[in-house]
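For reference, the structure discussed in these notes is given below.
Here is how names work: the chains are called A, B, and so on, in the same order as the sequence lines, proteins then strands, and each is numbered from 1.
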Number of protein chains: 2
Amino acid sequence: MPRLLRGNHTAAGNADLTARFAEWQRLGFDPTQCPVRDVLDRIGDKWTTLILIVLATKPCRFSEVQRMVPDISKRMLTQTLRDLERDGMITRHVYPTKPPSVEYALSPLGQSILVPLAGLVAWAESCHAGIKRARERFDAAGQKK
Amino acid sequence: MPRLLRGNHTAAGNADLTARFAEWQRLGFDPTQCPVRDVLDRIGDKWTTLILIVLATKPCRFSEVQRMVPDISKRMLTQTLRDLERDGMITRHVYPTKPPSVEYALSPLGQSILVPLAGLVAWAESCHAGIKRARERFDAAGQKK
DNA sequence: CCGAATCCTTTTCGATACTG
DNA sequence: CAGTATCGAAAAGGATTCGG
């Protein structure tokens with residue numbers, strides 16, 4: 001197991017999660033009540049995480065973000081930025097120039113999610129090769145059916 | 001800021017992410033190449049995380065998992081379990097009884113993702129109230145338009 | 001009991017055209 | 001420049017039925 005993932009957290013992570021599970025179960029996993037559902041639904045969408053990381057490099061204007069994330073459509077960029085603003089993760093400042101320019105930046109809340117996000121990114125990068133190997137094995141075994 | 005989120009990781013999380021961003025950008029964010037896309041696409045779906053946490057409490061049979069996660073359909077349970085097995089996150093053992101029983105359990109890889117996941121869960125729980133307040137403020141401000 | 005197969009609804013996302 | 005509005009394709013997800 002990679003160095004980053006060992007240590008005293010291995011057991012703690014498990015214990016924490018299983019302890020809270022009963023509580024979520026009691027609430028019926030209601031997405032409007034369950035923080036985990038709520039947060040995962042957002043960072044699980046196609047662009048949110050990427051935009052957060054872009055804004056982590058520096059505050060950006062609308063079209064700057066679009067240049068940094070080549071494939072995003074204007075529609076999705078607008079929508080994702082507004083959702084992030086609504087959740088208090090980013091700030092939006094309009095400079096009354098002509099034509100107008102708008103700058104987006106991470107709020108303290110947005111900054112703070114980068115920490116657990118970085119943990120997940122580290123896990124993804126260190127385990128991705130293993131996942132791909134597992135997939136190949138699985139698919140190869142399936143062929144023999 | 002909650003205790004769990006302070007400390008020497010606050011800056012490191014940011015630096016790590018921005019450093020890697022350039023590399024992902026160079027690869028065109030290809031989902032088949034980018035570990036982060038690949039991992040987030042999975043844990044971002046509706047059931048994967050929940051099932052991982054269920055199996056973290058103990059190995060379970062198919063119908064046990066279904067009982068623990070009330071709203072999941074058989075179709076999605078089957079599919080999510082197979083995807084997790086394919087990625088090497090869980091193991092599947094068939095006991096040749098009659099009728100057959102099948103037991104699912106976390107693999108070491110599946111265990112290891114619980115660590116970064118627990119970090120995200122902790123963040124979600126400690127920040128969810130703030131997010132909800134931000135939403136109310138945003139929506140209230142929007143009314144005045 | 002475990003799951004495959006089918007059908008259908010909902011959600012998400014992209015393309016395009018238009019506005020202040 | 002920074003969006004909005006509308007449309008349609010595609011994917012995800014749910015309900016139901018069937019089979020080993």
message = Could you check whether any side-chain N or O of Thr57(A) sits under 3.5 Å from a backbone N or O of Thr18(B), counting only pairs where one atom can act as donor and the other as acceptor?
response = no
Results of ring pair (Phe, Tyr, Trp, His ring centres under 6.0 Å) for Phe21(B) - residues two or more places apart only = Phe29(B)
message = Checking Lys132(A) now: which residues fulfil side-chain contact (heavy atoms from CB on, under 4.5 Å) with it, not counting sequence neighbours?
response = His128(A)
ask   = So, the side chain of Thr80(A) versus the backbone of Leu77(A): is there a donor-acceptor pair under 3.5 Å, distance only?
value = no
request  = Please lay out, stage by stage, how Glu85(A) and Arg82(A) fare under the test salt bridge (Lys or Arg N to Asp or Glu O under 4.0 Å).
outcome  = CA-CA 5 Å; Glu85(A) 188 198 356; Arg82(A) 263 214 304 113; over 6 Å; no
inquiry  = What verdict does the side chain to side chain contact (heavy atoms under 4.5 Å, CB included) test give for Leu114(A) and Trp123(B), after you've listed the backbone C-alpha separation in whole Å, the side-chain angles of each residue and the deciding distance to 0.1 Å?
reply    = CA-CA 10 Å; Leu114(A) 293 180; Trp123(B) 184 91; over 6 Å; no
Flag, side chain of Gln25(B) to backbone of Met68(A), donor-acceptor distance under 3.5 Å = yes
Exercise: identify the closest heavy-atom pair between Ala124(A) and Val39(B) = CB-CG2, 3.5 Å
query = Closest nucleotide of DNA chain C for Arg67(B) versus for Asp71(A): which of these residues is on the 5' side?
reply = Arg67(B)
Angle between terminal axes - the helix from dC1(C)-dG20(D) to dG20(C)-dC1(D), 5 pairs each end, rounded to 10° = 40°
query = With hydrophobic residues grouped by side-chain heavy-atom distances under 4.5 Å, do Tyr95(B) and Leu55(B) end up in a single group?
reply = no
remark   = Contact check, residues 43-59 of chain B vs DNA chain C, heavy-atom distance under 4.0 Å, returns none
message = What residues from residues 75-99 of chain B pass a heavy-atom cutoff of under 4.0 Å to DNA chain C?
response = Arg75(B), Thr78(B), Arg92(B), Pro99(B)
message = Could you report the tightest heavy-atom contact between Pro99(B) and Thr97(B), atom names first, then the distance?
response = O-OG1, 2.8 Å
key: Nucleotide range of DNA chain D lying under 4.0 Å from chain B heavy atoms   = dG13(D) to dA15(D)
query = Can a salt bridge be assigned to the pair Glu23(B) and Arg26(B) using a cut-off of 4.0 Å between side-chain N and carboxylate O?
reply = yes
task = Check whether more than 12 heavy atoms from other residues, nucleotides or ligands sit under 6.0 Å from atom CZ of Arg135(B), and answer yes or no.
result = yes
